[in-house]
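In what follows, every chain begins at residue 1, and chains take the letters A, B, ... in the order their sequences are listed. Just so it is clear, the structure is predicted and the values come from calculations on it, not from any experiment.
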Number of protein chains: 2
Amino acid sequence: MNTFDATLAQTATAGKRTGRIRQKNEELILSAAAEEFARYGYKGTSMNAIALRAGLPKANLHYYFTNKLGLYVEVMRHILELWDNAFDHLTVDDDPAIALAAYIRTKMEFSRRQPQASKIFAMEVISGCECLSAHFNEDYREWFRGRAAVFQAWSDAGKMDPVDPMHLIFLIWASTQHYADFSDQIRRITGQRRVTRDDFARGTETLTRVILKGCGLQLPG
Amino acid sequence: MNTFDATLAQTATAGKRTGRIRQKNEELILSAAAEEFARYGYKGTSMNAIALRAGLPKANLHYYFTNKLGLYVEVMRHILELWDNAFDHLTVDDDPAIALAAYIRTKMEFSRRQPQASKIFAMEVISGCECLSAHFNEDYREWFRGRAAVFQAWSDAGKMDPVDPMHLIFLIWASTQHYADFSDQIRRITGQRRVTRDDFARGTETLTRVILKGCGLQLPG
DNA sequence: CAAGAAGCTGACCAGTTGCTTAGGTTTTGC
DNA sequence: GCAAAACCTAAGCAACTGGTCAGCTTCTTG
């Protein structure tokens, strides 16, 4: 059992007693922590900065969370819960074009509405996945192979071109998460104050068109 | 003139006198700094960590570089020099399929050989481009529009499908840089010690095939 | 070979880091 | 309405942060 597992179990059991105030403040702290971690990564974020953003004294954070790592792990846990669910909906029986278009749309919506989650995840991976090492275990690899198998089945059935499933998944992940992680580059290129809803719409449309056609699929609807 | 410009000019003029020892040590420090910044970002990296990696006393770093920001800016400058050159080679007169395939290949080679540069850039953008704010100026936007115009011209000439140039560029950047920035996730999914040359080859092949076909282009050669 | 330039670094500084503790206040359940 | 549980936080800890500086050694050059 590594650091991640240990801290996870610890915080999980600690969550038994959920006082009203506790729940409110934990959410407040987690939210502030997410914003800081998304911008500065684990090492670059200070407990003081989180406390200031949350509007609470620093010592209060240590009342609710054992330590900085525990807080970080909890933030990461919240993200991972949402993260993979959307992908689970793709099944062999789906129509590839419709399912793929829906998945791209869902990922883009996620980038638009939860950019912080994507950024924290990105920073964690770039930094070497120290905290996520437990997440990327044999179970995860099994899950990933299952997801890739869906694309493989579609190819084998002649429903789409024979495209390496793993790299196709990377292509989709990279191109959609880009709109969250690199939003600052995008808004500076477009010269806008922020990436607009319209940018996301056009991005979704372009990605869907290029990727689907690139896999030999007809645009649905 | 902002912080970036100021520090840039400062270091540029300071580079006039290039003693033999100076050049050797500056490279040593820049290399060590790049590794640390790539993993922990600007705020998360300490001068001490860089010094340890370089095998030099901390005070020595401050002999060659005015301060932490100056060192960071210098690292970033080295990256930006390489960064955009490959993209400048695409011109309207090129054959779209050949040029695009070559660009994807070049970007993937860059991800394979200079993953640190990509990671530092990614971290900087995720962190809000504070240091790059000077880089993403009107000149840069002009340059970007020029690059996008190439794709637009190809579309207008009927050489490829009418695909939004900006989002196509983002698609290529995201999917290729992914192999550098997210290499740790990839190697954990594949269960390997590191991302292999073969992974890069298959990735390049998949990206080229999907993106070109997705733009209505025939694979060259 | 001498003297000035370049290179080097231990010791130190003020400020910040994550975290603890002791002793308080407020809320809750009976 | 009272005791126990939950909640709160000022003050302070050792370790570390970026950065300075005085005085040293090594190199270069006439």
Legend entry - Rounded distance in Å - NZ (B:Lys24) to C1' (C:dG7): 10 Å

Inset, instruction - Using only side-chain N and O atoms of B:Arg22, determine if any of them is under 4.0 Å from OP1 or OP2 of C:dA6. - result: no

Legend entry - Verdict with reasoning, B:Thr106 to B:Phe110, per side-chain contact (heavy atoms from CB on, under 4.5 Å): CA-CA 6 Å; B:Thr106 304; B:Phe110 199 85; 5.7 Å; no

Inset, instruction - Check whether any side-chain nitrogen or oxygen of A:Asn25 sits under 4.0 Å from OP1 or OP2 of D:dC8, and answer yes or no. - result: yes

Inset, instruction - Check step by step if side-chain contact (heavy atoms from CB on, under 4.5 Å) holds for B:Arg112 and B:Glu109. - result: CA-CA 5 Å; B:Arg112 189 172 67 83; B:Glu109 277 295 287; 3.3 Å; yes

Inset, instruction - Starting from C1' on C:dC19, measure out to OH on A:Tyr64 and report it in whole angstrom. - result: 18 Å

Inset, instruction - Could you state the atom-to-atom distance from OH of B:Tyr63 to P of C:dG10 in whole Å? - result: 16 Å

Inset, instruction - Go through the steps for A:Tyr179 and B:His167 under the test ring pair (Phe, Tyr, Trp, His ring centres under 6.0 Å), then give the verdict. - result: CA-CA 10 Å; A:Tyr179 286 83; B:His167 294 285; 5.7 Å; yes

Inset, instruction - Nearest whole angstrom, please: distance from the C1' of C:dT21 to the CG of A:Asn60. - result: 15 Å

Legend entry - Atom-pair distance (OH on A:Tyr42; P on C:dT17), nearest Å: 14 Å

Inset, instruction - May I have the distance from A:Lys43 (atom NZ) to C:dT16 (atom C1'), rounded to whole angstrom? - result: 15 Å

Inset, instruction - Calculate the interatomic distance between A:Ile50 atom CD1 and C:dC19 atom P; express it in whole Å. - result: 10 Å

Inset, instruction - For the pair B:Glu36 and A:Lys43, find out whether any cationic side-chain nitrogen is under 4.0 Å from an anionic carboxylate oxygen. - result: no

Inset, instruction - Write down the distance between OH (A:Tyr40) and C1' (C:dT16), rounded to a whole number of angstrom. - result: 15 Å

Legend entry - Test side chain to side chain donor-acceptor pair (under 3.5 Å) applied to B:Tyr40 - qualifying residues, sequence neighbours left out: none

Legend entry - Annotated protein contacts, base or backbone, on nucleotides 22-30 of chain C with a non-hydrogen cut-off under 4.0 Å, one of B, S, - each: -----SS--

Inset, instruction - State the CE-CG distance between A:Met123 and A:Asp181, to the nearest 0.5 angstrom. - result: 9.0 Å

Legend entry - Proximity to the side chain of A:Asn48 - top-ranked nucleotide from C:dT17, D:dC8, C:dC8: C:dT17

Legend entry - Nearest to side-chain heavy atoms of A:Ser46, which nucleotide of C:dT17, D:dC8, C:dT9: C:dT17

Restricting to nitrogen or oxygen on both sides, can you table the protein-nucleotides 20-25 of chain D pairs closer than 3.5 Å?
none

Legend entry - Note: A:Glu74-A:Arg77 ion pair, threshold 4.0 Å (strictly below): yes

Legend entry - Shortest non-hydrogen separation from A:Ser175 to B:Ala174 and the atoms involved: CA-CB, 3.8 Å

Legend entry - Salt-bridge contact B:Asp184-B:Arg187 (side-chain N to carboxylate O under 4.0 Å): yes

